[in-house]
Amino acid sequence: MTLAQLRAFLSAYSLRTFTAAAEELDVSQASVSELVGRLEAELEAPLFVRGGRQLVPTAAADELFSHAQRTLAAADDVEQAIRSLNGLQSGVVSFGVPRNAGYYGVPDAVLEFHRDHPGVRVRMVGINSNRVARAVLAGELEAGLVVLPVDEHGLDVEPLAVDEVHLATMNELPAGTGATLDDLLGPGLILYDAESGWEDPTRRQLLRRAHESGRELTAQVEIEFVDTALRLVAEGAGATIVSGSLLRAGEVPDGVRTYSFEPRFVETLALIKRKDAPLSLATAAIAEVMRRCIRRVTPGTD
């Protein structure tokens with residue numbers, strides 16, 4: 001049973017002749033007759049009594065009529081929904097972002113996308129980058145913004161911007177010198193993203209630096225959010241690391257000093273999706289807006 005057969009049947013049922021149905025459907029009379037005949041064969045029941053000037057519906061036709069109407073209406077609804085989705089008029093886009101994504105222009109990207117496509121619902125899931133990567137690989141999210149490094153197996157990774165990581169401390173360093181691990185560890189190490197722990201990409205970079213210099217890292221305090229870590233630094237509880245995005249946003253408390261590391265410490269922002277999996281139109285559109293917004297707020301990025 002096909003939609004074409006049901007359309008031919010409904011038209012013939014309403015107009016009572018194959019000729020009139022053919023005109024309404026803009027096909028030949030023979031096509032309508034064949035479609036109805038094939039439907040009758042599949043149902044193993046005659047739908048019309050033929051031979052007179054008009055078709056006479058049978059009891060089977062009367063029973064089929066309402067079912068055929070509902071089926072075609074449902075098919076039309078599906079077609080309209082897909083057309084709306086493809087035209088960015090409806091649907092939902094689910095995108096994973098790091099918790100500090102607000103400092104990289106993501107709110108501006110959401111506002112711009114929502115203004116251009118108000119019918120599409122936006123769901124931004126703020127979790128640590130390693131969890132974003134796992135969710136994208138598992139198909140729970142179609143795409144995401146992450147801080148590298150993450151496990152890239154099965155993912156397409158598009159680096160977007162590089163941002164510097166700084167020491168945040170109450171101590172004053174000698175002029176013209178870069179920060180070292182001693183400057184970070186000496187006052188007591190405060191780290192955020194406690195839930196992800198050493199799976200956090202920036203922590204992993206810090207850990208690698210420590211191992212390369214033969215040092216061990218032990219956090220005196222682990223909390224979840226960077227603003228809390230900075231508040232603890234401001235109270236003299238220790239030192240932490242912060243991205244340049246927080247400095248540019250003016251989120252560092254008064255009295256807290258920030259310094260570049262020597263050698264320089266950077267993190268890379270990247271868009272990810274599953275390898276060989278095309279993005280939906282809505283996700284591709286919001287990803288493009290994110291590219292522009294992130295590059296606009298990150299210095300030194302083309």
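Across Gly188 and Gln220, no two heavy atoms sit closer than the pair CA-CG, 3.7 Å. Scanning all heavy atoms of the two residues, the minimum distance from Ala237 to Ile190 falls at C-CD1, 3.8 Å. For Arg7 against Leu25, the heavy-atom pair with the smallest separation is O-CD1, 4.1 Å. Closest approach of Ala68 and Leu6 over heavy atoms only: CB-CD2, 4.0 Å. Scanning both residues, Val32 and Ala22, for their nearest heavy atoms gives CG2-CA, 3.7 Å. Nearest approach of Val233 to Thr169, heavy atoms of both residues: CG1-CA, 3.8 Å.
With hydrogens and angles ignored, the 3.5 Å screen pairs a side-chain donor or acceptor of Arg257 with a backbone N or O of Met170. Judged by distance alone, the side chain of Tyr192 and the main-chain N or O of Ile241 form a donor-acceptor pair under 3.5 Å. Under the 3.5 Å distance criterion, the side-chain polar atoms of Glu267 are left unmatched by any main-chain donor or acceptor of Thr202. Judged purely by atom type and a 3.5 angstrom limit, Asn171 has no side-chain atom pairing as donor or acceptor with the backbone of Pro187. For the pair Gln205 (side chain) and Val266 (backbone), a donor-acceptor distance under 3.5 Å is present. Put simply, the side chain of Arg204 gets close to the backbone of Pro149: a donor and an acceptor are under 3.5 Å apart. Counting only distance, with no hydrogens or angles, the side chain of Ser213 and the backbone of Ala210 share a donor-acceptor pair below 3.5 Å. Judged by distance alone, the side chain of Thr177 and the main-chain N or O of Pro174 form a donor-acceptor pair under 3.5 Å. A donor-acceptor contact shorter than 3.5 Å links the side chain of Ser14 to the backbone of Leu10. Distance alone, capped at 3.5 Å, places no donor-acceptor pair between the Ser94 side chain and the Arg123 backbone.
Side-chain contact annotation: Arg208 with His211, donor-acceptor N/O pair under 3.5 Å absent. Judged by distance alone, the side chains of Ser243 and Ser245 do bring a donor and an acceptor atom under 3.5 Å apart.
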Side chain to side chain contact (heavy atoms under 4.5 Å, CB included) between Leu155 and Leu137, worked out: CA-CA 7 Å; Leu155 298 174; Leu137 185 62; 4.2 Å; yes
Evaluation steps, side chain to side chain contact (heavy atoms under 4.5 Å, CB included), between Leu217 and Leu185: CA-CA 8 Å; Leu217 290 184; Leu185 301 179; 3.5 Å; yes
Check against side chain to side chain contact (heavy atoms under 4.5 Å, CB included), Ile272 and Val132: CA-CA 9 Å; Ile272 61 170; Val132 172; 4.2 Å; yes
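Other residues, nucleotides and ligands place more than 12 heavy atoms under 6.0 Å from the CZ atom of Arg134.
Glu199 is not listed as a side-chain neighbour of Asn128, based on a closest heavy-atom distance of 4.5 Å or more.
Ring geometry for Phe65 against Tyr13 counts as parallel: the plane angle stays under 30°, on a 0 to 90° scale with 60° as the upper cut.
The pair Arg209-Glu212 does not count as a salt bridge, with every side-chain nitrogen at least 4.0 angstrom from each carboxylate oxygen.
If you chain together hydrophobic residues whose side chains sit under 4.5 Å apart, Phe265 and Val226 fall into the same group.
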